[in-house]
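Encoded as structure tokens, the structure appears first; notes follow it.
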Amino acid sequence: MKIPFIEKLFQMFKDKENERRLKNLKERVCEAISLPTILLFGLLVRVLTSFVSWIKALLISWGVFDGILSNYIYREEKFFPYQFLRYGRIIANLSGIVSPIIPMLWNISDGICSMIIYERAHPVENFSRLGRVLNGVMFVAFG
């Protein structure tokens with residue numbers, strides 16, 4: 001399934017050197033952003049609103065699904081440290097139910113650290129990393 005928004009993003013930032021890798025990445029992103037994923041996201045938000053406000057539930061859900069989808073999209077990477085950090089992202093964001101300080105610190109530091117580690121990454125790949133930093137800042141604002 002092709003998503004026009006994703007297609008346009010990848011067309012805007014063409015990269016001839018990594019064309020095959022980006023093609024695989026684009027396919028995985030389009031597979032990951034599907035109706036079942038959106039419904040699961042909504043279900044998680046609904047469950048979390050029983051424990052926290054709806055804004056925090058959205059932020060926690062975003063962090064959890066960022067970890068799950070990153071794990072799927074970059075599944076060929078080594079377990080340690082890359083996949084391990086993604087599982088840590090899921091746990092840290094779920095701990096936002098108890099204390100907003102944990103996902104705030106984790107998301108900001110993980111986003112900045114990921115941008116440093118993947119400094120040569122395609123610009124489209126950095127959107128989720130910037131989103132992670134923004135998620136942490138939003139925990140500060142609404143925490």
Side-chain angles (χ1 to χ4, degrees), residues 1-15 17-18 21-143:
M1 179 173 98
K2 290 188 176 188
I3 302 173
F5 174 73
I6 302 295
E7 294 287 328
K8 288 192 190 262
L9 277 176
F10 277 95
Q11 285 176 358
M12 251 180 9
F13 301 104
K14 285 198 180 238
D15 186 2
E17 293 177 16
N18 300 319
R21 183 177 125 355
L22 290 175
K23 182 180 177 213
N24 291 337
L25 182 71
K26 182 170 51 171
E27 288 172 3
R28 287 184 190 161
V29 168
C30 290
E31 287 173 10
I33 301 174
S34 62
L35 184 60
T37 306
I38 294 167
L39 292 175
L40 284 172
F41 180 82
L43 178 66
L44 183 61
V45 169
R46 179 64 186 111
V47 168
L48 290 175
T49 55
S50 302
F51 304 105
V52 294
S53 68
W54 66 273
I55 293 174
K56 282 187 184 177
L58 282 172
L59 294 172
I60 291 168
S61 299
W62 177 268
V64 168
F65 271 86
D66 182 35
I68 292 170
L69 295 178
S70 294
N71 186 31
Y72 175 73
I73 290 171
Y74 298 107
R75 63 182 174 229
E76 72 276 348
E77 289 185 346
K78 295 187 306 184
F79 176 76
F80 193 81
Y82 304 109
Q83 300 296 15
F84 181 76
L85 289 172
R86 292 183 181 112
Y87 293 126
R89 189 180 311 151
I90 295 167
I91 294 166
N93 279 287
L94 284 175
S95 69
I97 295 170
V98 178
S99 172
I101 195 80
I102 298 167
M104 177 208 50
L105 291 174
W106 184 276
N107 287 333
I108 291 173
S109 61
D110 185 30
I112 293 170
C113 182
S114 294
M115 284 189 276
I116 292 169
I117 291 172
Y118 297 105
E119 68 182 41
R120 294 186 185 157
H122 193 268
V124 174
E125 293 178 271
N126 284 327
F127 288 149
S128 68
R129 296 174 187 121
L130 290 171
R132 224 171 289 146
V133 174
L134 181 63
N135 190 343
V137 170
M138 297 294 277
F139 265 105
V140 172
F142 295 110

Begin with the C-alpha distance, continue with both residues' side-chain angles, and end with the deciding distance and a verdict on side chain to side chain contact (heavy atoms under 4.5 Å, CB included) for W106 and F139.
CA-CA 11 Å; W106 184 276; F139 265 105; over 6 Å; no
Heavy atoms, side chains only, cut-off 4.5 Å: are F41 and V64 in contact?
no
Quick check: does any side chain N or O of S50 sit under 3.5 Å from a backbone N or O of V47, one acting as donor and the other as acceptor?
yes
Taking S61 for the side chain and L58 for the main chain, is one N or O donor matched with an acceptor at less than 3.5 Å?
no
Taking N107 for the side chain and P103 for the main chain, is one N or O donor matched with an acceptor at less than 3.5 Å?
yes
Only one of R129, R89, Q83 clears side-chain hydrogen bond (donor to acceptor under 3.5 Å, both in side chains) with S70; which?
R89
Note, R132 side chain near I108 side chain (heavy atom, < 4.5 Å):
no
Any donor-acceptor pair under 3.5 Å from E125 side chain to H122 backbone
yes
CG-CD1 distance between L94 and I60, expressed to the nearest 0.5 angstrom
7.5 Å
Distance check, rounded to the nearest 0.5 Å: I73 atom CD1 versus R86 atom CZ?
9.0 Å
Indicate the atoms forming the closest heavy-atom contact of V52 with A57, along with that distance.
CG2-N, 3.7 Å
Value rounded to 0.5 Å, distance of CG in N93 from CG in N135:
6.0 Å
Counting heavy atoms not belonging to R75, are there more than 12 under 6.0 Å from its CZ?
yes
Check I102 against A92 and note the closest heavy-atom contact, atom names and distance.
CG2-O, 3.9 Å
Gap separating the CD atom of E31 from the CD1 atom of I3, nearest 0.5 angstrom
10.0 Å
Evaluate L39 against L43 for side chain to side chain contact (heavy atoms under 4.5 Å, CB included), listing each step before the verdict.
CA-CA 6 Å; L39 292 175; L43 178 66; over 6 Å; no
Side-chain ion pair, E76 and R28, N-O less than 4.0 Å
yes
Any donor-acceptor N/O pair, T37 side chain to I33 backbone, under 3.5 Å:
no
Quick one: do K26 and I6 satisfy side chain to side chain contact (heavy atoms under 4.5 Å, CB included)? Show the steps, please.
CA-CA 7 Å; K26 182 170 51 171; I6 302 295; 4.2 Å; yes
Determine whether a donor-acceptor pair (N or O, by modelled atom type, separation under 3.5 Å) exists between the side chain of T49 and the backbone of R46.
yes
If we only count heavy atoms from C-beta on, is the V137 to M104 side-chain gap below 4.5 Å?
no
Report the C-alpha distance between F84 and K78 in whole Å, list the side-chain angles of each, state the deciding distance to 0.1 Å, and finish with yes or no for side chain to side chain contact (heavy atoms under 4.5 Å, CB included).
CA-CA 9 Å; F84 181 76; K78 295 187 306 184; over 6 Å; no
Decide if atom OH of Y82 counts as having more than 12 heavy atoms of other residues, nucleotides or ligands within a radius under 6.0 Å.
no
Going by heavy atoms in the side chains, are F80 and L85 under 4.5 Å from each other?
no
Closest non-hydrogen atoms of F51 and I97, given as atom of the first, atom of the second and distance, are CB-CG2, 3.8 Å
What's the separation between atom CG in L59 and atom CH2 in W62, rounded to the nearest 0.5 Å?
10.5 Å
